[in-house]
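Whatever order the structure lists ligands and atoms in, that order sets their numbers, starting from 1. The structure presented is a predicted model; accordingly, all values stated were derived computationally and were not measured.
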Amino acid sequence: MITKLSVNINKIATIRNSRGGNTPDLLTVAMDCERFGAQGITVHPRPDERHIRYKDVKELKPLLHTEFNIEGNPKEQKFIELVLENKPTQVTLVPDGLGQLTSDHGWDTITHKKYLSEIISVFKNAGIRTSVFVDADIKMIEGALETGADRIELYTENYAKYYSDNREKAIAPFVAAAKRANELGLGINAGHDLNLQNLNFFAKNIEGLLEVSIGHALISDALYFGLENTIQLYLRELK
Ligand code: PXP
């Protein structure tokens with residue numbers, strides 16, 4: 001089984017937006033990521049449009065040939081409409097708040113079961129695969145099943161944070177969470193702070209890992225190695 005690499009291109013939009021023009025060209029970068037071997041493109045539009053704009057999503061959709069993954073918080077009606085209009089391969093639901101620097105926690109799938117179930121059925125009825133962002137917590141994985149989601153995305157910040165201290169210990173909750181997800185028939189994605197140092201160990205130990213979405217480290221590495229080489233380096237870690 002291969003683990004797909006979905007490149008999160010938010011950072012490209014951040015650089016572009018910092019000068020008000022169209023450099024770097026987000027659409028070209030996305031198509032180049034695919035050309036260089038990425039098996040997916042991820043975008044995370046936020047209501048303030050400080051990086052990916054809603055317009056970017058509309059423009060990207062017809063150009064992409066790999067898996068298009070849109071992440072975001074469905075509490076914004078605008079987000080729901082954007083996803084339904086653009087019909088990505090997958091929508092990943094993330095409980096981030098307004099103005100949050102980046103995602104920093106998964107869903108409480110038990111407290112928000114009813115809400116998540118309702119919105120997930122809207123997306124599933126539109127033929128869109130659904131994934132919910134969760135911490136490596138068995139109860140939250142079991143809760144995710146109850147929402148009807150197709151997949152979970154494991155929030156890997158704590159793995160990345162403690163990797164260099166003790167990688168066996170850092171990955172243990174993720175191995176347990178993945179085991180439970182596999183037993184329940186939930187697909188497994190992962191993301192946040194994955195990088196060239198910690199990716200291979202994660203992918204090797206997480207059974208059934210279908211997709212990783214990586215942005216910050218990959219774009220930073222591309223400054224040194226170039227985008228094409230960097231994507232190859234990440235793909236090599238997933239083999
Ligand atoms: N998954 C989710 C839900 C995210 O919000 C992000 C960051 O936008 C990522 C994955 C990618 O994280 P990173 O940029 O640290 O690779």
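A side-chain contact (heavy atoms from CB on, under 4.5 Å) with Ile188 is found for one member of Thr3, Asn182, Ile141 and no other, namely Asn182. Checking each of Asn195, Asn200, Asp221 against Tyr234 for a side-chain hydrogen bond (donor to acceptor under 3.5 Å, both in side chains) leaves exactly one that passes, namely Asp221.
The atoms of ligand 1 that sit less than 4.0 Å from any heavy atom of Glu153 are 1 (N), 2 (C), 3 (C), 10 (C). For ligand 1, the atoms closer than 4.0 angstrom to any heavy atom of Val94 are 3 (C). Of all atoms in ligand 1, numbered sequentially from 1 with element shown, those under 4.0 Å from a heavy atom of His44 are 5 (O), 8 (O).
Note that the CD atom of Gln90 and the OG1 atom of Thr42 stand 7.5 Å from one another [nearest 0.5 Å].
Contacts with ligand 1 closer than 4.0 Å are made by side-chain heavy atoms of Asn8 only, the backbone lying farther away. For Lys11, no heavy-atom contact with ligand 1 is shorter than 4.0 Å. Only the side chain of Glu71 comes within contact range of ligand 1, with a heavy atom under 4.0 Å; no backbone atom does.
Between Ser213 and ligand 1 there is a heavy-atom distance shorter than 4.0 Å. Not a single heavy atom of Asn10 lies less than 4.0 angstrom from ligand 1. Distances from ligand 1 to the non-hydrogen atoms of Ile214 include at least one value under 4.0 Å.
Not one N or O of Arg46 is nearer than 3.5 Å to an N or O of ligand 1, by distance alone. The shortest N/O to N/O separation between Thr92 and ligand 1 does not fall below 3.5 Å.
Ring geometry, His192 versus Tyr155: the interplanar angle exceeds 60°, so the pair is classed perpendicular (tilted spans 30 to 60°). Ring geometry for His112 versus Trp107: interplanar angle over 60°, hence perpendicular rather than tilted (30 to 60°).
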Kindly indicate, with the supporting measurements, whether the criterion side chain to side chain contact (heavy atoms under 4.5 Å, CB included) is fulfilled by Leu93 and Phe133. CA-CA 6 Å; Leu93 307 182; Phe133 193 54; over 6 Å; no
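The environment of CD in Glu81 is crowded: more than 12 heavy-atom neighbours from other residues, nucleotides or ligands sit within 6.0 Å.
Lys161 places no side-chain N or O within 3.5 Å of a backbone atom of Ala170 that could act as its donor or acceptor partner.
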